[in-house]
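For reference, the structure discussed in these notes is given below.
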Amino acid sequence: MVVPCYNKESYIGAMLDSVLAQKWDNIELILVNDGSTDGTRGVIIDYLPKFEKRGYGVKLIDQENGGCCKAVHTGLVNMTGDYYCLVDCDDAITPEYVSAMAGFLDENDDYEWAACSYRPVTLLDDVTTIGAVPKCPYPQDTDNLIEKWILRQTITTVWIYMVRIRYVDRCRMVENWNTARNRTYEPLVGIPLMNGGGKLKYFHEGFYRYTQTSRDLFVFEKYEDITHYYDDYRAQYAWSIARLAADENRKRRLTDLVDLAYTRELFAQLHAIKDKERHADQLCADLIEKINRHKPNMRITFGLAKQLGFMTIYNMACFAITGSPFASPKRVIGYGVLGKYGRKLLPHYMGTAYEPYVLWDKNGDGERVRRPDFDDLSETDLIIVFPKDRKVVEDIKEELGNAPARIVYPEEEELLRSLLAVPDFELGGLPMTDAVKHYKTGYVSGSFDMFHVGHLNLLRRARECCGHLIVGVLSDACILAGKKKAPVIPLEDRLEIVRSCKYVDEVDVTTDDLLNKVTAWHKYHFDAMFTGDDHKDDGWAWEEPELNRLGVELVFFPYTQKVSSTRLRSVLENNF
């Protein structure tokens, strides 16, 4: 156990007490006193007899102040034993910290390292606040773990690891250490271990207690202060990536992800900066450049980026660089759809390429919502797990075991949902149609009989592209004349349904004369007319030149394949 120590006289005693309380009896404690000028060393000396009595080996190494990176390196080159861990001198560990992880590694030789979660503890103005234990990720494999780590989609603190010394040596972590920078050593630990491919065991319990004091809670006042602070992180990432046993393409990819994470960190610290809007715009422009460089067919514009928001564009950049982990499923399964989050989140997927084909829940009725059938899974399935409760998710993970399907757990579900909100954004290959153009007034006309998700998708997409959306609802006579059948839902009800939709600003009846788009323009003066692409060959072509002369564009949206009023009518006629 390596502990770098510098001027923590008030806190180091609690950390040393937590080490003495460990349920594991064979610990070598390496305390590196990095030139402390307060009473830190004296506290350590007072504890030496206690460790001797406990049966623990202790090495106290004194050195001139060189910063945290040098202190940790000194500890690493002096360690012996089978496993290594790192504990900060002002934090603490629960009695199970060592025994849970080292004990597991003792019994499972195919695992190279283990990790736990942590519990944040804030000490501010003599008030102690104990936070919740963050959720650990649920990695399917170690192939993309380094990417998740760089993008902070997993816990990145290095104090939560218990690592076999043989794996530390294999990853050349100590040999490739950098002592020139002193802001952080996280990349020097995480990058080689994440890239090494060693099998990792996660413990979701908060065995580590991370302490924050008023000195740790600072706010940047100048943009230059933010960039200066995070430049050290960036430099350490660059150092570690350059020394990986990997080809140059992989190194460039990882470096691009570091730049992406750096952009997000800068954005997160802008809240106290006076000219934060200007810097936020520049960071957004940086994201656009990254997306367009990796996926030039997407053609993201600054206007679109501002419309979608920084985090959505950030998520798009993540997938542009890494590729989508949700690509091209043949069947989507929604798991836990009857719970609170299932009922809340499922509507976001309806009408999209990721609308669940099968709904699962333990309380399912066996018809509309089935009970889980794990034997029916294949590698082409994608399961979206909706529950967010940690215990429930753990139970689901245990049930799924080594299921061949791709499983989207809650952390990734949020990313998937945010991307589905982007107009015309396809997750499979990340193509993007022409950037969404914003019109002043848009117009949609249709029967809207037996209102369904296809209608909703059309209205939503139309309203996203214009400031004011007018919807024309075909009269009963128009529908009868055109389809030779009367509508199932009468006009007044269809008008009320459409009028109640939040995407609609104005509703009117489309009479026979208004079926002519040019005539409709003279009444409503719209500059865009929207419809599904299934109507491209329905006589629109001859009207398009005249509409274009009037300054109107015809915009076709992808047709929602799974549902239509005609199909619903057929179902009704065949079953009743």
Verify side-chain contact (heavy atoms from CB on, under 4.5 Å) between R293 and D256, making sure each step is shown before the conclusion.
CA-CA 11 Å; R293 176 157 50 89; D256 284 340; 3.9 Å; yes
Please step through salt bridge (charged side-chain N to carboxylate O under 4.0 Å, His left out) for the pair K251 and E248, ending with a clear verdict.
CA-CA 5 Å; K251 290 181 181 180; E248 291 305 313; 3.8 Å; yes
Apply side-chain contact (heavy atoms from CB on, under 4.5 Å) to residues R234 and D259 and explain how you reach the verdict.
CA-CA 8 Å; R234 203 176 189 181; D259 290 342; 3.0 Å; yes
Tell me, with the steps shown, if L474 and L515 meet side-chain contact (heavy atoms from CB on, under 4.5 Å).
CA-CA 9 Å; L474 270 63; L515 290 175; 4.3 Å; yes
Given Y230 and Y262, is the side-chain contact (heavy atoms from CB on, under 4.5 Å) satisfied, shown in steps?
CA-CA 7 Å; Y230 284 103; Y262 176 81; 3.7 Å; yes
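Taking all atoms of both residues into account, the shortest heavy-atom contact from G467 to D505 is O-OD2, 4.0 Å. Closest approach of L491 and V473 over heavy atoms only: CD1-CG1, 4.0 Å. The shortest non-hydrogen separation linking I288 to A305 is CD1-CB, 3.6 Å. The minimum heavy-atom distance linking A462 with F530 is given by the pair CB-CD1, 3.5 Å. Heavy-atom minimum distance, C478 versus T511: SG-C, 3.5 Å. In terms of heavy-atom proximity, I313 sits nearest to I291 at O-CD1, 3.6 Å.
Between the side chains of Y229 and E265, no donor N or O sits under 3.5 Å from an acceptor N or O. Between the side chains of D286 and Q282, at least one donor-acceptor pair of N or O atoms lies under 3.5 Å.
Annotation: the span from F386 atom CZ to I396 atom CD1 amounts to 11.0 Å, rounded to 0.5 Å. In this structure, the separation between CG on L382 and CG on L416 is 7.5 Å, given to the nearest 0.5 Å. Taking OG1 from T519 and OH from Y524, the interatomic distance works out to 11.0 Å, rounded to the nearest 0.5 Å. Atoms CD1 and OH, on I407 and Y335 in that order, are 10.0 Å from each other to the nearest 0.5 Å. Rounded to the nearest 0.5 Å, atoms CG (L254) and CD1 (I150) are 4.5 Å apart. Taken to the nearest 0.5 Å, the NZ atom of K222 stands 7.5 Å off from the CD atom of E224.
Proximity of a side-chain donor or acceptor of T263 to a complementary backbone N or O of L283 within less than 3.5 Å is not detected. H455 places a side-chain N or O within 3.5 Å of a backbone atom of H452 that can act as its donor or acceptor partner. With hydrogens and angles ignored, the 3.5 Å screen pairs no side-chain donor or acceptor of D508 with any backbone N or O of G472. The main-chain N or O of T322 is found under 3.5 Å from a side-chain atom of R253 such that the two form a donor-acceptor pair. Looking at N548, its side chain does come within 3.5 Å of a backbone N or O of V552 through a donor-acceptor pair. Remark: the backbone N or O of V337 is not paired with any side-chain donor or acceptor of R343 at under 3.5 angstrom.
Each salt bridge (charged side-chain N to carboxylate O under 4.0 Å, His left out) pair with one or both residues in residues 310-322, not counting sequence neighbours, would appear here, but there are none.
Salt-bridge annotation for D395 and K391: present, with a side-chain N of the basic residue lying under 4.0 Å from a carboxylate O of the acidic one. A salt bridge is absent between E546 and K517; no separation between the charged side-chain nitrogens and carboxylate oxygens falls under 4.0 Å. In this structure, D376 pairs ionically with R331, as a charged nitrogen and a carboxylate oxygen lie closer than 4.0 Å. With respect to the salt-bridge test (charged N to carboxylate O, under 4.0 angstrom), the residues R494 and D476 qualify.
Taking the side chain as every heavy atom from C-beta outward, W360 and D373 approach each other to under 4.5 Å. Contact annotation: the side chain of E186 approaches that of T157 to within less than 4.5 Å [non-hydrogen atoms, C-beta and beyond]. Contact check for L456 versus F451: side-chain heavy atoms found under the 4.5 Å cut-off. The shortest side-chain heavy-atom distance between E394 and K397 does not fall under the 4.5 Å cut-off. Residues K306 and D281 form a side-chain contact, since some pair of their non-hydrogen atoms from C-beta on lies under 4.5 Å apart. Side-chain contact check for I155 versus Y202: every heavy-atom pair is 4.5 Å or farther apart. H204 has its side chain out of reach of V393: every pair of non-hydrogen atoms, C-beta onward, lies at least 4.5 Å apart.
With sequence neighbours excluded, the residues that form a side chain to side chain contact (heavy atoms under 4.5 Å, CB included) with S378 are T380, D381.
Applying the side chain to side chain donor-acceptor pair (under 3.5 Å) test between H468 and each of E506, R463, K440 identifies E506 as the sole match.
The aromatic rings of H525 and H522 sit perpendicular to each other, their planes meeting at more than 60°, with 30° as the lower class boundary. Ring planes of Y118 and Y210: perpendicular class, angle over 60° (limits at 30 and 60°).
No more than 12 heavy-atom neighbours from other residues, nucleotides or ligands sit within 6.0 angstrom of CD on E221.
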